[in-house]
Amino acid sequence: MYNNGGDRMAITFEVKHIDKQTGARYGILHTLHGSFETPIFMPVGTKATVKTLDNIEISEVSDGLILGNTYHLWLQPGDEIIKNQGGIRGFMKWEHALLTDSGGFQVFSLSDIRKIKEEGVTFRHHKSGEQLFMSPEDSIRIQNNLGADIIMSFDECPPFHSSYEYMKDSVERTIRWAERGKKAHQNPTDQALFGIVQGGPHKDLRIMCAKALIEMDFPGYSIGGLSVGESKEEMYKVLDYLKDVMPSDKPRYLMGVGTPDDLIEGVIRGIDMFDCVNPTRMARHGSAMTSIGRIVIKNKTYESDITPLDPNCDCKVCQTHSRSYLRHLFKSEEYLGQRLVSYHNLYFLKKLMKDIRNAILEDRLLDFKNEFFANYYK
RNA sequence: GGGCGGGUAGCGAAGUGGUUAAACGCGACAGACUGUAACUCUGUUCCUUAGGGUUCGGCGGUUCAAAUCCGUCCCCUCCCA
């Protein structure tokens with residue numbers, strides 16, 4: 001259908017409606033394993049598991065598109081093993097769509113145990129200490145083996161407040177790596193490779209990076225290097241810089257963002273796709289996302305509270321269990337607590353994205369935002 | 001009845017004369033968490049009107065100074081009768 005050249009495309013993207021109040025986009029993202037309404041939130045399943053949940057539950061609390069991670073699956077169990085079982089989809093028996101991150105984020109999160117060179121990144125294995133090396137070509141090769149519908153360029157995710165000189169060098173290298181990755185990509189008709197825009201807080205570097213990637217013509221573009229410790233204002237500013245630079249007919253993916261307020265603000269700034277570990281990590285640490293704000297379910301105040309986690313939620317956890325019971329599960333270190341709150345948090349974001357999409361279709365996203373924040377604190 | 005060891009903050013447990021309100025662990029109470037090195041990490045945890053005050057089974061001593069030394073009493077473990 002929308003495939004430029006006549007060849008099969010791994011993904012196609014249609015923008016169906018633009019919200020008159022904010023300019024936010026409603027669209028459909030077609031993959032070979034399902035079509036998805038956007039804006040969409042994608043739960044993170046780093047090691048081919050959305051922590052604590054099984055596939056049925058993941059299906060219930062996602063729209064059918066989840067993440068895996070190149071670096072972690074490369075180390076364990078190894079991408080060849082996964083390839084031989086039909087990729088991540090066959091390996092974990094996930095019937096829907098997948099996206100893999102390239103390992104670029106680990107260049108940031110594992111910064112103490114890695115070295116960056118033009119050729120690629122040397123890591124020290126975080127458990128064994130063994131020397132590892134990943135080039136942009138390696139990352140793509142591994143992602144070809146993992147077989148996700150959407151894959152990412154190998155980038156450097158630099159600290160947000162690196163010096164301008166460092167950031168410029170880093171961005172230029174990330175662009176070269178994107179080019180190398182694109183050349184190494186073996187099956188672009190099955191897997192859509194996205195370029196990742198870096199540049200920290202700098203408008204000129206962000207725009208330069210975006211333009212260079214657009215020149216290479218990727219089927220979608222990611223925005224990286226955000227939600228790494230900078231303020232929300234700084235993050236929103238970067239999105240504003242890029243809003244009119246990024247191609248309007250390609251999906252825009254804001255990597256690593258997933259607080260309710262950031263999702264709304266991101267959508268308003270033209271973002272179509274999000275992922276984040278926040279809902280599941282917070283859940284495992286005993287915090288719930290609710291329509292009135294964050295609830296730390298471990299707190300003593302919920303000891304005898306027989307109301308549901310979120311009184312406005314219709315998920316099975318809120319329909320069944322009390323805050324008192326959930327708090328008890330956490331205080332007594334029972335795994336079920338982590339599972340139930342993970343389920344609820346993802347459901348909450350799924351519902352939020354649904355509400356956002358409806359608001360866009362009805363040209364009232366700004367009203368929706370104001371209503372949402374009227375009840376929501378923190 | 002005799003002998004040994006012991007009683008330290010909510011619990012466990014260091015400390016055997018002087019920066020010791022007392023290590024550390026657990027528990028408790030808070031906080032953090034945004035492309036997952038994460039069931040992880042951080043802080044507080046005798047009282048306080050924040051100046052101080054009162055502590056290491058009880059009472060009484062020694063000393064400039066005691067959880068630490070001495071006497072005595074109470075309680076606990078184990079062993080012998």
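Letters A, B, ... mirror the listed sequences (proteins, then strands); counts begin at 1.
Across B:rU36, B:rA32, B:rU34, the shortest atom-to-atom separation from the side chain of A:Asp101 is found for B:rU36. Checking B:rU34, B:rA37, B:rA38 against the side-chain heavy atoms of A:Thr259 singles out B:rU34 as nearest. Comparing B:rC39, B:rC33, B:rU40 by their closest approach to the side chain of A:Lys298 singles out B:rU40. Looking at the side chain of A:Gln338, the nearest of the listed nucleotides B:rC29, B:rC39, B:rG31 is B:rC39. Of the candidate nucleotides B:rA37, B:rG31, B:rU36, B:rU36 has the atom lying nearest to any side-chain atom of A:Thr280.
If you check every strand for non-hydrogen atoms under 4.0 Å, A:Leu254 touches nothing. Looking at heavy-atom distances under 4.0 Å, A:Glu230 makes no contact with the nucleic acid at all. The residue A:Gly225 sits close to a base: some heavy atom pair falls under 4.0 Å. When heavy atoms are screened at a 4.0 angstrom cut-off, A:Asp275 is found touching the sugar-phosphate backbone but no base atom. Across all strands shown, A:Lys51 has heavy atoms under 4.0 Å from base atoms, whether or not it also approaches the sugar-phosphate.
Contact annotation: A:Arg327 side-chain N/O to B:rC29 OP1/OP2 distance is under 4.0 Å. Residue A:Asn69 places at least one side-chain N or O under 4.0 Å from the OP1 or OP2 atom of B:rU36. Taking only side-chain nitrogens and oxygens, A:Arg294 comes nearer than 4.0 Å to OP1 or OP2 of B:rA32. For B:rU40, the OP1/OP2 oxygens have no side-chain nitrogen or oxygen of A:Arg281 closer than 4.0 Å. In terms of phosphate contacts, A:Ser227 brings no side-chain nitrogen or oxygen within less than 4.0 Å of OP1 or OP2 of B:rU34. Between A:Ser109 and the phosphate of B:rA37, there is a side-chain N or O to OP1/OP2 separation shorter than 4.0 Å. Close to B:rG31, at under 4.0 Å from its OP1 or OP2, lies a side-chain N or O of A:Asn299.
Here B:rA30 sits opposite B:rU42 as a Watson-Crick or G-U wobble pair (both hydrogen-bonding atom distances under 3.5 Å). Taking a pair to require two hydrogen-bonding distances under 3.5 Å in either a Watson-Crick or a G-U wobble arrangement, B:rA81 remains unpaired. The pairing partner recorded for B:rC11 is B:rG25, the criterion being a Watson-Crick or G-U wobble arrangement whose two distances lie under 3.5 angstrom.
Looking at A:Glu215 and A:Lys211, no side-chain N of the basic residue comes within less than 4.0 Å of a carboxylate O on the acidic one, giving no salt bridge.
Between B:rC69 and B:rC56, the distance separating the two P atoms is 14 Å to the nearest Å. For the C1' atom pair drawn from B:rU77 and B:rC26, the interatomic distance equals 23 Å after rounding to whole Å. B:rG3 and B:rC73 have their P atoms separated by 13 Å, with the value rounded to a whole Å. For the P atoms, the distance linking B:rU16 with B:rG6 amounts to 13 Å, nearest Å. Rounded to a whole angstrom, the distance from the P atom of B:rC33 to that of B:rG27 is 23 Å. Taking the P atoms as reference points, B:rC59 lies 22 Å from B:rC46, given to the whole Å. Nucleotides B:rU34 and B:rC41 have their P atoms positioned 15 Å apart, rounded to a whole Å. To the nearest whole angstrom, the two P atoms, one in B:rU8 and one in B:rC80, are 27 Å apart.
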Next on the checklist: For A:Asp169 and A:Arg173: C-alpha separation, side-chain torsions, deciding distance, then whether salt bridge (charged side-chain N to carboxylate O under 4.0 Å, His left out) applies.
Outcome noted: CA-CA 6 Å; A:Asp169 288 347; A:Arg173 184 170 47 231; over 6 Å; no

Item to check | A:Cys315 vs A:Glu60, side-chain contact (heavy atoms from CB on, under 4.5 Å): CA-CA, chis, key distance, verdict | outcome: CA-CA 9 Å; A:Cys315 84; A:Glu60 290 168 1; over 6 Å; no

Checklist entry - Which is it for A:Gln198 and A:Glu156 under the side-chain contact (heavy atoms from CB on, under 4.5 Å) test, yes or no, and what are the steps along the way? => result CA-CA 8 Å; A:Gln198 290 289 354; A:Glu156 179 193 353; over 6 Å; no

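Around the CZ atom of A:Phe373, the shell of radius 6.0 Å holds more than 12 heavy atoms that belong to other residues, nucleotides or ligands. The number of heavy atoms from other shown groups lying within 6.0 Å of NZ (A:Lys203) does not exceed 12.
In this structure, CZ of A:Arg284 is placed 5 Å from P of B:rC39, rounded to the nearest angstrom. Computed from coordinates, the A:Lys300 NZ to B:rG27 P distance equals 15 Å when rounded to whole Å. A:His328 places its NE2 atom 21 Å from the P atom of B:rC39, with the value rounded to the nearest Å. Remark: C1' of B:rC33 and CG of A:Asn345 are 12 Å apart, rounded to the nearest angstrom. One can place CZ of A:Phe330 at 14 Å from P of B:rA28, the figure rounded to the nearest angstrom. One atom, NZ of A:Lys47, and another, P of B:rA37, lie 8 Å apart when rounded to the nearest Å. To the nearest angstrom, P of B:rA38 lies 11 Å from CZ of A:Phe105. The separation between A:Asn278 atom CG and B:rC41 atom C1' is 15 Å, rounded to whole Å.
Both stacking criteria are satisfied for A:His285 over the base of B:rU40: a centre-to-centre distance under 5.5 angstrom and an angle between ring planes under 30 degrees.
Nearest-nucleotide mapping onto RNA chain B: of A:His72 and A:Gly229, the residue sitting toward the 5' end is A:Gly229. Annotation: of the two residues near RNA chain B, A:Asp112 and A:Lys331, the 5′-most nearest-nucleotide partner is A:Lys331.
Taking syn as a glycosidic angle within 90° of 0, B:rG51 qualifies as syn.
A:Asp310 and A:Ser291 form a side-chain donor-acceptor contact under 3.5 Å, judged by distance and modelled atom types alone.
Cation-pi geometry between A:Lys250 and A:Phe218 is not met at under 6.0 angstrom from the ring centre and within 45 degrees of the axis.
Side-chain to base pairing of A:Ser287 with B:rC33: one donor and one acceptor N or O lie within less than 3.5 Å of each other.
A:Phe154 and A:Trp177 have parallel rings, their planes meeting at less than 30° on a 0 to 90° scale where 60° marks the start of perpendicular.
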